[in-house]
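For the single chain, residues carry numbers from 1 onward in sequence order. Source: prediction; values computed, not measured.
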Amino acid sequence: MPDVTRLVTHAELEEATTNDRQLSVSARLEAVLADGRSVVLLDDRGWSQSGPPGTHSYISAEEVEATARTVVGPDEPFGGRTWEQMENDHWGHLAGLLRHRGVDVTGDRLAELPHDVVLGERLRAWLA
């Protein structure tokens with residue numbers, strides 16, 4: 001059974017909703033396995049942010065990377081839940097997705113893994 005070695009979030013520019021005043025980004029979280037394969041865990045995340053004309057000159061790659069890590073979870077607490085409960089639920093859910101695909105891993109292990117962010121070509125060009 002392959003082991004998970006790291007997490008990668010791929011962030012890419014959403015061209016249809018990005019303009020001179022707004023940045024829209026999609027984010028896809030993957031688990032990278034020791035055998036080189038990747039397993040998509042979340043592919044329905046993203047965000048938008050707006051500002052004055054020329055917004056791209058105010059947004060750094062580091063800011064985009066930090067936001068990408070945030071949007072793939074865990075979510076902020078709600079309904080009386082604690083951060084710890086939210087984190088346990090999030091990582092447990094992702095571990096369950098991997099177990100369903102034959103990868104034996106715990107939520108605690110996933111939470112400890114390195115988490116890289118890869119900016120897509122279009123997003124890098126927009127930030128330049």
Side-chain angles (χ1 to χ4, degrees):
M1 205 170 288
D3 192 25
V4 181
T5 60
R6 65 188 175 110
L7 300 173
V8 177
T9 295
H10 296 273
E12 185 57 276
L13 184 76
E14 290 291 326
E15 291 180 295
T17 51
T18 295
N19 56 51
D20 191 45
R21 297 183 67 130
Q22 178 170 301
L23 168 64
S24 293
V25 178
S26 62
R28 182 183 73 245
L29 177 65
E30 296 180 355
V32 178
L33 306 181
D35 63 8
R37 292 181 294 146
S38 292
V39 177
V40 175
L41 298 174
L42 300 170
D43 64 357
D44 60 349
R45 303 294 170 102
W47 74 96
S48 294
Q49 61 189 89
S50 59
T55 292
H56 69 279
S57 62
Y58 301 102
I59 300 172
S60 69
E62 293 79 16
E63 181 182 350
V64 171
E65 291 172 6
T67 303
R69 284 185 183 92
T70 299
V71 301
V72 295
D75 292 333
E76 291 189 22
F78 64 92
R81 299 183 59 79
T82 66
W83 274 106
E84 184 178 8
Q85 289 169 323
M86 295 299 290
E87 288 175 348
N88 288 339
D89 288 351
H90 175 74
W91 297 115
H93 171 72
L94 297 179
L97 293 173
L98 285 164
R99 281 192 300 275
H100 182 70
R101 294 182 178 136
V103 179
D104 187 25
V105 66
T106 66
D108 289 340
R109 170 75 176 127
L110 288 178
E112 295 172 351
L113 290 173
H115 183 173
D116 300 320
V117 175
V118 176
L119 303 182
E121 184 177 319
R122 294 186 315 266
L123 180 55
R124 286 192 319 271
W126 189 87
L127 291 167

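Here H90 pairs with nothing under the ring-ring contact (aromatic ring centres under 6.0 Å, His included) rule; sequence neighbours left out. E12 is linked by a side chain to side chain contact (heavy atoms under 4.5 Å, CB included) to S26, R122, L123, counting only residues two or more places apart in sequence or in another chain. Remark: H10 pairs with E30 by the side chain to side chain donor-acceptor pair (under 3.5 Å) rule, at least two apart or across chains.
Atom CG of L42 sits about 6.5 Å away from atom NE2 of H93, to the nearest 0.5 Å.
Here the side chains of V64 and W47 are in contact, with some heavy-atom distance below 4.5 Å. Two residues are said to be in side-chain contact when any heavy atoms from C-beta on lie closer than 4.5 Å; R109 and V4 fail this criterion. Between L41 and V72, every side-chain heavy-atom pair lies at or beyond the 4.5 Å cut-off. Between L97 and V103, the closest side-chain pair of non-hydrogen atoms is not below 4.5 Å. Contact of the L94 side chain with the L29 side chain is registered, since non-hydrogen atoms from C-beta on lie closer than 4.5 Å. The shortest side-chain heavy-atom distance between T82 and P77 does not fall under the 4.5 Å cut-off. Between T55 and Q22 the shortest side-chain heavy-atom distance does not fall below 4.5 Å. Looking at D104 and R99, their side chains come closer than 4.5 Å, going by heavy atoms from C-beta outward.
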